[in-house]
Amino acid sequence: MWRKATNLVVEAPAAPAAPASTPAAWRKTRRQGQAGATPTATATATISRTRMSTAQGLSITWSQLEVVVAVAMLLNCLVCQAARRAPPEPYYGRYIGDFTNFAHGIKGHIYAVDESTMFVKSFAYDGTGPDAFFWVGKTPRPSPDGYIIPYPEEYTGVDPPILQAHNKTDIILRLPMGKRIKDIRWLSVWCRRFTVDFGEVFIPPNLDIPKPRVLPEFKRLAHGLRSSNISVLDAKTFYIPNLHYDGAGPDAYFWVGNGSEPNIMGIKVPNEVGSLEPLRGYQGEDIEIQLPGSLTVYDIDWLAVWCVEYRHNFGHVYIPRDMDVPPALGQTKITPPWWYSPTTTTPRPVYSNCREILPNKLQVKWELQGEYLQIELFGRITEDQYMAFGLSGANGRAQMSQSDVVVAFYDTNARVFRAEDYFISDLSQCDGQRGACPDERIGARNDVHVLSGDRKNGVTSIRYKRLLQTNEVIYDSAIPIDREVSVIAAIGPLNARKEANAHSHTASDHNQEDIRINFSARNDHSCKSSLYEVKDESGPRPWPTRKIEGVRKFRASIGPTGGKRGYTAITGVPSWGIAWYVNDLLIPEITVERGLNYEFTIEGGSDPAQPARYHPFYITDSPEGGLGQKMGLEARKQKAYAGVEYDEDGNAIPTAAGRYCEWEHLTVDRSAEIETFEEYVKTLAFKCEDGEPGYLNWTVPMNAPDQLYYQCFTHNNLGWKINVVDMGASGGSVGSRGLVVYIISTVFGLVATRLLRTGHVLA
């Protein structure tokens with residue numbers, strides 16, 4: 001626990017304040033233990049002076065002394081609490097000790113990162129030992145009775161590689177075969193051939209090793225957000241198992257910050273694939289996310305799913321103050337593997353070469369790096385598509401048959417970016433021997449190494465490298481660097497095996513003309529703009545607006561917005577993920593007649609303490625709604641026609657609120673793949689909480705404008721239009737003849753009543 005650091009923090013000088021919106025400010029705010037040092041010392045001095053004054057005859061009661069002592073203890077407790085909130089920086093884990101050098105210049109500071117991982121800071125070794133390894137065991141001193149910790153952890157061949165020379169290298173050591181630090185007594189640099197100990201460090205008994213921390217699940221507030229218990233794997237990494245979220249929030253992200261509740265002063269956290277695009281839907285998936293930049297769990301109070309545009313909290317979990325988790329040194333290999341970076345990072349390359357092979361769809365950037373060619377593909381593709389690029393099957397023309405290509409895509413099952421080496425023997429699906437086949441499926445080797453991947457704003461980018469000459473004569477073509485070579489590229493669908501299916505034979509899906517590239521060239525840059533700047537004019541066809549006429553009773557409940565086919569397509573404005581469903585239809589246009597009475601049953605929630613499930617219904621002239629959010633002049637710009645009363649101070653109070661009922665996704669939002677609203681409703685389930693619905697009776701004023709709106713009192717943009725017409729003018733009305741009969745009968749009734757009151761009798 002970080003109570004041990006209290007004295008260090010108290011004695012440190014106070015740090016200058018920083019803007020509260022920055023991670024640095026959060027760290028300084030959370031680590032102001034030193035600010036409490038002066039009051040604590042003052043309180044202690046006060047006690048001493050009190051005792052001295054008492055000795056000199058001044059009167060002081062024991063109750064007063066108890067108060068002073070209590071205040072001093074409270075301040076000291078706050079200091080301890082602030083100190084244990086964040087470990088000292090830089091944080092490498094629990095310190096074990098330094099190497100004792102016996103030969104070959106062994107140096108390094110050793111830390112326990114977690115139960116099975118050690119970190120060696122600034123490791124030095126001259127590399128001249130003939131058979132040296134990192135070596136651990138549980139004998140009293142280093143001896144042949146031990147075993148190797150392989151370094152590097154990933155290697156080719158049967159035996160681990162012999163330890164090479166190092167000069168102040170930061171090294172992560174992971175114990176093999178499920179071993180834990182408590183199972184060993186020492187770490188040594190050991191020469192196996194000559195059984196010589198070059199340097200050693202001993203593990204202190206009862207070492208307090210940092211451990212992952214299990215938190216509660218997400219609080220369930222909106223959009224079906226829920227999970228199992230969330231774990232903090234290290235100071236930057238969260239593991240979120242069994243995550244459910246309908247994906248219908250228009251601008252939702254993982255969000256962290258400070259304060260008692262999630263708020264707008266937060267920071268976006270990339271999703272499990274490193275993207276900062278709005279969150280997709282999740283259906284019981286296990287994911288890991290990592291805090292950005294230098295931010296750690298010691299700097300934040302909560303993790304939430306937050307809608308930035310509408311400033312709404314869909315659910316959150318609090319971060320406790322007594323955390324003692326492993327440091328984030330790269331030992332937590334989250335999916336995908338390219339995400340984590342140990343203590344040193346490789347900067348993203350700046351390419352001087354770029355070709356746009358498929359207009360507005362596929363760009364290729366490349367750089368020659370010794371024996372390797374590094375390529376980054378950028379494609380405007382969906383998650384069920386691939387992009388392919390490689391050497392044409394015939395120089396001088398674009399030919400798919402006999403070509404050697406790389407097929408790159410995002411694997412939605414494994415949640416990793418992939419780049420696969422393909423040989424296309426025939427223009428057919430791979431049967432395991434012929435066709436468009438991954439090299440591995442036909443007995444060859446995948447010579448492509450994925451370096452990184454990303455997906456944002458509809459663009460997938462995958463960076464990989466391949467040897468210029470792979471020594472696979474049959475399935476791999478050598479990449480020439482002394483001349484131009486014809487290349488091919490394509491975009492197409494993935495099949496169930498996550499292999500390339502046949503693409504469309506159009507100019508937008510593959511290059512039909514011969515394109516040649518000299519891969520050793522410099523400044524071959526003909527890309528005019530980034531694919532991220534291309535406006536996506538494709539997309540699903542909007543559902544038509546539903547209309548209700550000639551109906552006097554309505555039921556209003558909450559439901560999803562229908563993605564790009566629904567609310568936004570109908571209204572032309574963004575939604576925040578939910579909308580009114582009236583008579584089981586998504587934001588229909590309602591037609592009402594002046595002078596007639598209408599009844600609304602309201603099921604939008606009645607508990608103001610749950611803002612994500614509190615949507616009072618009201619009728620207004622505002623196309624935006626949200627009167628409860630508006631103040632002053634902004635509130636006076638709209639007029640409420642029903643569902644609102646005003647108190648003596650002129651404050652608007654909603655009156656039409658009832659139990660919460662919602663159309664919920666059975667799985668995730670499938671609106672993009674469903675052509676009709678009627679089919680879309682079959683993917684939803686209607687659920688109601690306990691309680692009574694609310695009711696609103698509204699007689700349409702004779703002077704009501706032609707256009708009104710039904711809206712949510714507490715949130716913007718949940719409803720749509722009410723068309724107001726004269727009596728008898730709506731399509732569902734009885735017509736002009738019925739209107740005449742209605743007027744005559746009304747007049748006759750009034751005359752008869754008048755005559756009866758004056759004593760006349762009609763014959």
Side-chain angles (χ1 to χ4, degrees), residues 19-27 29-30 213 215-282 285-321 323 325 328 334 339 454-457 574-578 610-613 629 668-669 715-716:
S21 60
T22 66
W26 288 347
R27 284 194 295 277
T29 302
R30 306 310 303 161
R213 178 71 174 267
L215 308 180
E217 63 179 55
F218 272 127
K219 188 173 183 180
R220 307 178 184 190
L221 297 180
H223 288 287
L225 179 68
R226 67 182 189 275
S227 70
S228 298
N229 286 7
I230 297 169
S231 293
V232 182
L233 301 183
D234 63 36
K236 294 182 72 69
T237 309
F238 290 93
Y239 171 62
I240 308 175
N242 194 30
L243 177 62
H244 290 261
Y245 165 59
D246 65 17
D251 197 28
Y253 304 89
F254 294 116
W255 189 255
V256 294
N258 286 119
S260 59
E261 296 285 343
N263 55 68
I264 61 173
M265 301 298 290
I267 283 183
K268 292 179 184 177
V269 178
N271 65 14
E272 73 280 5
V273 297
S275 172
L276 285 175
E277 285 210 35
L279 293 180
R280 62 179 177 87
Y282 296 89
E285 298 177 38
D286 300 343
I287 69 167
E288 295 108 353
I289 60 174
Q290 202 168 61
L291 297 175
S294 60
L295 204 62
T296 73
V297 294
Y298 298 106
D299 305 320
I300 61 176
D301 289 322
W302 39 259
L303 165 68
V305 174
W306 176 269
C307 182
V308 174
E309 183 173 352
Y310 286 90
R311 302 182 176 187
H312 223 283
N313 177 24
F314 296 164
H316 62 274
V317 63
Y318 289 112
I319 311 301
R321 293 178 175 272
M323 301 280 278
V325 297
I334 75 168
W339 176 291
D454 194 14
R455 178 167 174 79
K456 60 183 179 182
N457 300 331
S575 73
W576 73 286
I578 61 172
Q610 299 187 56
R613 304 171 80 86
Q629 297 182 6
V668 297
D669 188 355
H715 303 92
N716 296 334

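Side-chain atoms of Lys268 never come within 3.5 Å of backbone atoms of Glu277 as a donor-acceptor pair (strictly under, hydrogens ignored).
Taking both residues in full, the closest heavy atoms of Tyr298 and Val325 are given as OH-N, 3.3 Å, listed atom of the first, atom of the second, then distance. The two residues Val297 and Val232 come nearest to each other via the heavy atoms CG1-CG1, 3.8 Å. Across every non-hydrogen atom of Asn271 and Leu279, the tightest pair is CB-CD2, 4.1 Å. Between Ser227 and Ile240, the shortest heavy-atom distance links the atoms CB-CG2, 4.0 Å. Scanning all heavy atoms of the two residues, the minimum distance from Trp255 to Val308 falls at CZ3-CG2, 3.7 Å. The two residues Met323 and Pro320 come nearest to each other via the heavy atoms CG-O, 3.1 Å.
Taking the side chain as every heavy atom from C-beta outward, Phe238 and Ser231 never approach each other to under 4.5 Å. You'll find the side chain of Ile230 reaches within 4.5 Å of the side chain of Phe218, heavy atoms only. Considering only heavy atoms from C-beta on, Trp306 comes within 4.5 Å of Arg311 through its side chain. By the 4.5 Å heavy-atom criterion applied to side chains, Val668 and His244 are not counted as neighbours. Residues Pro250 and Cys307 have side chains in contact (heavy-atom distance under 4.5 Å, counting atoms from C-beta outward). The side-chain heavy atoms of Asn258 and Asn263, taken from C-beta on, include no pair separated by under 4.5 Å.
Of the inter-residue distances, the one linking Gln290 atom CD with Thr237 atom OG1 reads 4.0 Å to the nearest 0.5 angstrom. Taken from OG1 in Thr296 to CG in Asp234, the straight-line distance is 10.0 Å, to the nearest 0.5 Å.
Legend: residues meeting side chain to side chain contact (heavy atoms under 4.5 Å, CB included) with Ala222, ordered by chain and number and at least two apart, are Phe314, Ala612. Take Arg213 and apply the salt bridge (Lys or Arg N to Asp or Glu O under 4.0 Å) test, not counting sequence neighbours, and it matches Asp322. The side chain to side chain contact (heavy atoms under 4.5 Å, CB included) test applied to Val269 returns Phe254, Val256, Ile289, Leu291, Pro292, not counting sequence neighbours. A search for side chain to side chain contact (heavy atoms under 4.5 Å, CB included) contacts involving His316 returns Lys219, Leu221, Glu261, Pro262, Ala304, Asn313, Tyr318, not counting sequence neighbours. For Pro241, the side chain to side chain contact (heavy atoms under 4.5 Å, CB included) test picks out Ser228, Tyr239, Asp286, with sequence neighbours left out. For Glu309, there are no side chain to side chain donor-acceptor pair (under 3.5 Å) partners two or more places apart in sequence or in a different chain. Remark: Arg220 engages Glu217 in a side chain to side chain donor-acceptor pair (under 3.5 Å) (not counting sequence neighbours). Residues satisfying the side chain to side chain donor-acceptor pair (under 3.5 Å) criterion with His312, sequence neighbours excluded, are His715. Judged as a side chain to side chain donor-acceptor pair (under 3.5 Å), and not counting sequence neighbours, the contacts of Tyr282 are Glu272.
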Decide side chain to side chain contact (heavy atoms under 4.5 Å, CB included) for Arg226 and Asn242; before the verdict, give the C-alpha distance in whole Å, the side-chain angles of both, and the deciding distance to 0.1 Å. CA-CA 8 Å; Arg226 67 182 189 275; Asn242 194 30; 5.6 Å; no

